[in-house]
Amino acid sequence: MIMSRIEAHSSEDTGTTGDLVDLLLGGLPAEAVLTDSDVTASYANDMASFCPAGTPAVVVLPRTTEQVQHVMRTATALRVPVVPQGARTGLSGAANASDGCIVLSLTKMDRVLEINPVDRIAVVEPGVINAALSRAVGEHGLYYPPDPSSWEMCTIGGNIGTASGGLCCVKYGVTAEYVLGLDVVLADGRLMSTGRRTAKGVAGYDLTRLFVGSEGSLGIVVRAVLGLRPKPPEQLVLAAEFSSAAAACDAVCRVMEGGHVPSLLELMDRTTVKAVNDLAQMGLPESTEALLLAAFDTTAPAADLAAVGALCEAAGATQVVPADDAAESELLLQARRLSLTALEAVKGVTMIDDVCVPRSRLAEMLEGVDRIAEKYQLTIGVVAHAGDGNTHPTVCFDSADPDESRRARESFDEIMALGLELGGTITGEHGVGVLKKEWLAREIGPVGLEMQRAVKQAFDPLGILNPGKLF
């Protein structure tokens, strides 16, 4: 219904691209409005495979809240769709352009406005790079935990839009836990503030949480108040090798059941281990069926690693290697950090899923992915935030081969179906976007879908904000 309203209106003669550009230039500097088709085409999509992207009419790069408001007032007046973007490192097509849209790139709004060590908050604009924020607060002895694997490139606004996670979520949680308040420009250009700067606050509905993970479909985040933590000690890492994925998953269950709180608990299956070896010659044993990495950033990490190492051995680990210092820990983590790059090198193109299942069903998930890979005769490697049950089955395929591309897409769908059968969710941290909107409807059901559409209608009655995403 939302899309049909946009399409019906745009079929009328409400204004040409020239009118749109002229109106935008009425409140924006010329350098902030890009119209060259070769340039605007480079903003058409994020990093997801199998996600269609349209041709934007114009790309706008505002630097102030007032400029964002002007863009939204113009879009509302002309009924032009607006697609908000960060660094376009997303993996669901949520930042993909629609035909004739305004791409609203927020990368120029990149200031850290405040770091407050007493209140333990940072106030930032949406274009701030995650790693830049982490380094800035670190100078004050503070820590911003959410750490997506693209943290050197991705923006805080994009992290908020997709409710992203990272390696440390097993202990520290995801982005949503750290977003205390937001300034949001609504579809009609009004500015709304949500949330708080205080340690506690329960005034009214939690609209802040509503915007986290909304993929730019409800409003444009122009400022965020983020919670911080004291900077923890350097973590120490342990690597444990297993002769089966089931044994590694058993070790994960033992660690969590035992009450341990690792700062990182990651799993790589044999396909991923082999890909990393092939790419970087890291010397990981070819007989390894699964590699488990655990880390602790406590005051006595060596003792914690020893306890977890014993649990791994009890679960059947063939070798347990604890690091002695931070430098050795970093070496052990290199294999995990190279995982996705290594899997991309297998065939040149990947589809990265992020199905999350209960930790107790993790072994069934990995076994199921193995069956799916065999069924479709594809290479599918799995890396997982094992402490969360958040798996990243990564389908490797040749995009120039139509049959292999078809099998890749079908295997991807089967993996999502498997996740739901195991009591999981279709996305733990990448979002829905274009790629998974059919599966969102299956997960939340017709009543849930109806209520989510009602929320969308309340915030965006004309349906101009990121149309075609989510549902």
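Since the model is a prediction, treat every value here as computed from it, not as a measurement.
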Participant: Inspect the contact between E414 and R407 and indicate whether a charged nitrogen and a carboxylate oxygen are less than 4.0 angstrom apart.
Facilitator: no
Participant: Could you check T391, T425, T427 and say which one makes a side chain to side chain donor-acceptor pair (under 3.5 Å) with D354?
Facilitator: T427
Participant: Does Q334 have more than 12 heavy atoms from other residues, nucleotides or ligands lying within 6.0 Å of its CD?
Facilitator: yes
Participant: If you take the centroid of each ring, where Trp contributes its six-membered ring, are Y143 and Y172 closer together than 6.0 Å?
Facilitator: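 Aromatic pair counts; centres sit under 6.0 Å.
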Participant: Looking at K436 and D353, is any side-chain nitrogen of the basic one under 4.0 Å from a carboxylate oxygen of the acidic one?
Facilitator: yes
Participant: Salt bridge or not between E266 and R336? Use side-chain N to carboxylate O under 4.0 Å.
Facilitator: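 Yes, this pair counts.
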Participant: Taking all atoms of both residues into account, what is the closest heavy-atom pair of A246 and A363, and its distance?
Facilitator: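 Minimum heavy-atom contact is CA-CB, 4.2 Å.
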Participant: Would you indicate whether the side-chain heavy atoms of W439 and D413 approach each other to under 4.5 Å?
Facilitator: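 Sidechains of W439 and D413: in contact.
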Participant: Does a side-chain N-to-carboxylate-O contact under 4.0 Å join R270 and D370?
Facilitator: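 A salt bridge is present here (some side-chain N lies under 4.0 Å from a carboxylate O).
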Participant: Hey, can you tell me if H392 and H430 have their rings parallel, tilted or perpendicular (30° and 60° cut-offs)?
Facilitator: parallel
Participant: I'd like to know if R406 pairs up with E410 as an ion pair, taking the criterion as any Lys NZ or Arg NE/NH1/NH2 lying under 4.0 Å from an Asp or Glu carboxylate oxygen.
Facilitator: yes
Participant: Please name all residues satisfying ring-ring contact (aromatic ring centres under 6.0 Å, His included) with F211, sequence neighbours left out, ordered by chain then number.
Facilitator: F459
Participant: For the backbone of A187 and the side chain of T76, can you confirm whether one donor and one acceptor N or O come within less than 3.5 Å of each other?
Facilitator: yes
Participant: Salt bridge or not between R63 and D110? Use side-chain N to carboxylate O under 4.0 Å.
Facilitator: no
Participant: Are more than 12 heavy atoms from other residues, nucleotides or ligands located less than 6.0 Å from atom CE of M192?
Facilitator: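 Yes, the 6.0 Å shell around CE holds more than 12 heavy atoms from other groups.
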Participant: Distance-only, no hydrogens or angles: does the S150 side chain make a donor-acceptor pair with backbone N or O of M153 under 3.5 Å?
Facilitator: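 Checked: no pair found.
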Participant: Report the C-alpha separation of R371 and E367 in whole Å, then their side-chain angles, then the decisive distance to 0.1 Å, and conclude whether the salt bridge (charged side-chain N to carboxylate O under 4.0 Å, His left out) test is met.
Facilitator: CA-CA 7 Å; R371 290 194 300 271; E367 290 165 358; 5.0 Å; no
Participant: Assess whether a salt bridge exists between R88 and D46, defined as any Lys/Arg side-chain N lying under 4.0 Å from an Asp/Glu carboxylate O.
Facilitator: no
Participant: Can you confirm whether more than 12 heavy atoms, excluding those of K274, are under 6.0 Å from its NZ atom?
Facilitator: no
Participant: Check the surroundings of atom CZ in R111: do more than 12 heavy atoms from other residues, nucleotides or ligands lie under 6.0 Å from it?
Facilitator: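 No, the 6.0 Å shell around CZ holds no more than 12 heavy atoms from other groups.
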Participant: Might you point out which heavy atoms bring V83 and N96 nearest each other, and give the distance in Å?
Facilitator: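 Closest approach of V83 to N96, heavy atoms only: CG1-O, 3.5 Å.
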